[in-house]
Amino acid sequence: MKIYGSPKSSAGRCFWTLEECGVKYEVGKIDFRQREHKAPAFLKLNPNGKIPVLEDGDFKLWESMAINSYVAHLHSPELLGKDAKSKSLVNQWSFWALAELQDPIIQVFIQLVFVPEEKRNFEFIEKQQAKLPGLFEVLNTSLENKNYLVGEEFTLADLNVFSVVEISEEIKFDYSKYSNIMNWEKNISTRQGYKKFKNLQVES
C-alpha cells in the first residue's frame with residue numbers, strides 16, 4: 001500500500017490506522033508549495049486535488065474515513081465492529097466526527113493559522129468556538145462508564161473520533177474538564193498503534 005500525505009496532516013488518521021493494523025506501506029510525498037496536488041499526475045489519483053489518497057495496486061481510494069474502513073476490512077476487521085449494530089455505531093460516530101465535530105474546529109484552525117490577524121473574522125471564530133462545548137458534552141456523556149465508544153473493544157469509532165478531538169488542541173480548546181473524555185484519551189494513548197503514529201508525527 002502507498003499513502004499520500006503526512007502524519008501531521010488530514011491524512012494522519014490513515015497513518016494511525018495503518019500502524020494500528022500493522023500494515024507495511026510506502027509514503028507518497030506531495031509538495032503543496034509546488035502545487036503538486038493540482039498536477040495532472042496527482043489529479044488522476046484524486047480529482048479533488050487533496051490528501052489523503054491510498055494506492056493498493058491498481059486500486060485508488062480517497063477520503064480518510066473510507067481509507068480507514070478499507071484498511072481495517074482487509075487487515076483488522078474487528079475494528080469495524082462485530083455485528084450489524086456495532087458496525088452501524090462505528091459508522092455513526094465516524095460520520096459524527098466529520099460532520100459535526102471537525103467542521104467548527106477546522107474553521108477556527110483556518111482563521112488562526114492561515115488568516116493574518118488583521119483579517120481574521122473574530123465574530124465567526126467566536127461563533128464556531130461556541131459550538132464546541134455542546135459537542136464535547138455529547139461525546140463525554142456517551143463515554144460514561146465506558147472505555148470505548150462501541151462495545152468493549154477499541155474500534156474505528158474511537159480512532160476516527162479521537163483523531164478529530166486531538167485537532168482541538170491546535171486551537172487551544174481545553175477539554176480537560178470532560179473527565180470521561182480524558183479517561184478515554186488516557187486509555188487510547190497506551191495503544192502501540194497510537195504510539196507508533198505519534199512517533200511518525202515527530203519524525204516527519
Flag, side chain of Asp83 to backbone of Lys85, donor-acceptor distance under 3.5 Å: yes
Does Ser168 use its side chain to pair, donor to acceptor, with the backbone of Val164 at less than 3.5 Å? no
Rounded to the nearest 0.5 Å, the CG atom of Asp56 sits from the CG atom of Leu74 at a distance of 6.5 Å
Which donor-acceptor pairs under 3.5 Å do side chains of residues 98-109 form with protein atoms, sequence neighbours excluded?
| unit_1 | atom_1 | unit_2 | atom_2 | d |
| --- | --- | --- | --- | --- |
| Gln102 | OE1 | Arg13 | NH2 | 2.8 |
| Asp103 | OD1 | Gln107 | NE2 | 3.3 |

Between OG1 of Thr141 and CG of Asn180, what distance do you get to the nearest 0.5 Å? 7.5 Å
Shortest non-hydrogen separation from Cys14 to Asn68 and the atoms involved: CA-OD1, 3.3 Å
Minimum heavy-atom separation for Trp93 and Ala157, please, with both atom names. CB-CB, 3.9 Å
Of the non-hydrogen atoms in Ser142 and Leu149, which two are nearest, and what is the gap between them? CB-CD2, 4.5 Å
Take atom NZ in Lys146; do more than 12 heavy atoms of anything else shown fall under 6.0 Å from it? yes
Might you point out which heavy atoms bring Gln111 and Arg120 nearest each other, and give the distance in Å? O-NE, 3.1 Å
Rounded to the nearest 0.5 angstrom, the CG-CG distance for Leu79 and Leu159 is 7.5 Å
Can you establish whether the number of heavy atoms outside Lys196 located under 6.0 Å from its atom NZ is more than 12? no
Going only through I, L, V, M, F, W and Y residues with side-chain contacts under 4.5 Å, is there a path from Val161 to Phe95? no
How long is the gap from CG on Asn121 to CD on Glu126, to the nearest 0.5 Å? 10.5 Å
Test item: side-chain donor near acceptor, Asn91 and Ser94, under 3.5 Å: no
Backbone N or O of Ile181 within a donor-acceptor pair of the Asn140 side chain at under 3.5 Å? yes
Do other residues, nucleotides or ligands put more than 12 heavy atoms under 6.0 Å from Phe124 CZ? yes
Backbone N/O of Leu43 and side chain of Asn46: donor-acceptor pair under 3.5 Å: no
Are Val53 and Ile67 close enough, and set up right, to give a side-chain contact (heavy atoms from CB on, under 4.5 Å), and what steps lead you there? CA-CA 8 Å; Val53 177; Ile67 291 170; 5.6 Å; no
Quick check: do Leu18 and Ile3 have side-chain heavy atoms less than 4.5 Å from each other? yes
Distance flag, aromatic centroids of His37 and Phe42, threshold under 6.0 Å: no
If we ignore hydrogens and angles and just use 3.5 Å, is the side chain of Ser88 paired with the main-chain N or O of Ala84 as donor and acceptor? yes
Listed pairs under 3.5 Å, donor-acceptor, residues 19-28 side chains, sequence neighbours left out:
| unit_1 | atom_1 | unit_2 | atom_2 | d |
| --- | --- | --- | --- | --- |
| Glu19 | OE2 | Tyr25 | OH | 2.6 |
| Glu20 | OE1 | Trp16 | NE1 | 3.0 |
| Glu20 | OE2 | Arg191 | NE | 2.8 |
| Glu20 | OE2 | Arg191 | NH2 | 2.5 |

Please say which of Phe162, Tyr175, Tyr178 ends up in a ring-ring contact (aromatic ring centres under 6.0 Å, His included) with Trp184. Phe162
Rounded to the nearest 0.5 Å, what's the gap from CG on Leu45 to CG on Leu61? Could you check? 11.5 Å
Write down the atom of Asn160, the atom of Ser163, and the distance for their closest heavy-atom approach. O-OG, 2.7 Å
Quick one: are Ser10 and Pro52 in side-chain contact, heavy atoms under 4.5 Å? yes
Are any non-hydrogen side-chain atoms of Leu135 and Leu139 less than 4.5 angstrom apart? no
Between OG on residue Ser189 and NZ on residue Lys198, distance to nearest 0.5 Å: 9.5 Å
Donor-acceptor pair, distance only, cut-off 3.5 Å: does the side chain of Asn187 make one with the backbone of Asn183? no
Got a sec, which pairs hit salt bridge (charged side-chain N to carboxylate O under 4.0 Å, His left out) with one end in residues 58-78, sequence neighbours left out? Glu55-Lys60
Neighbour count above 12 (heavy atom, 6.0 Å) for Lys131 NZ: yes
What one should report as the nearest heavy-atom pair of Thr190 and Lys195 is O-CE, 3.6 Å
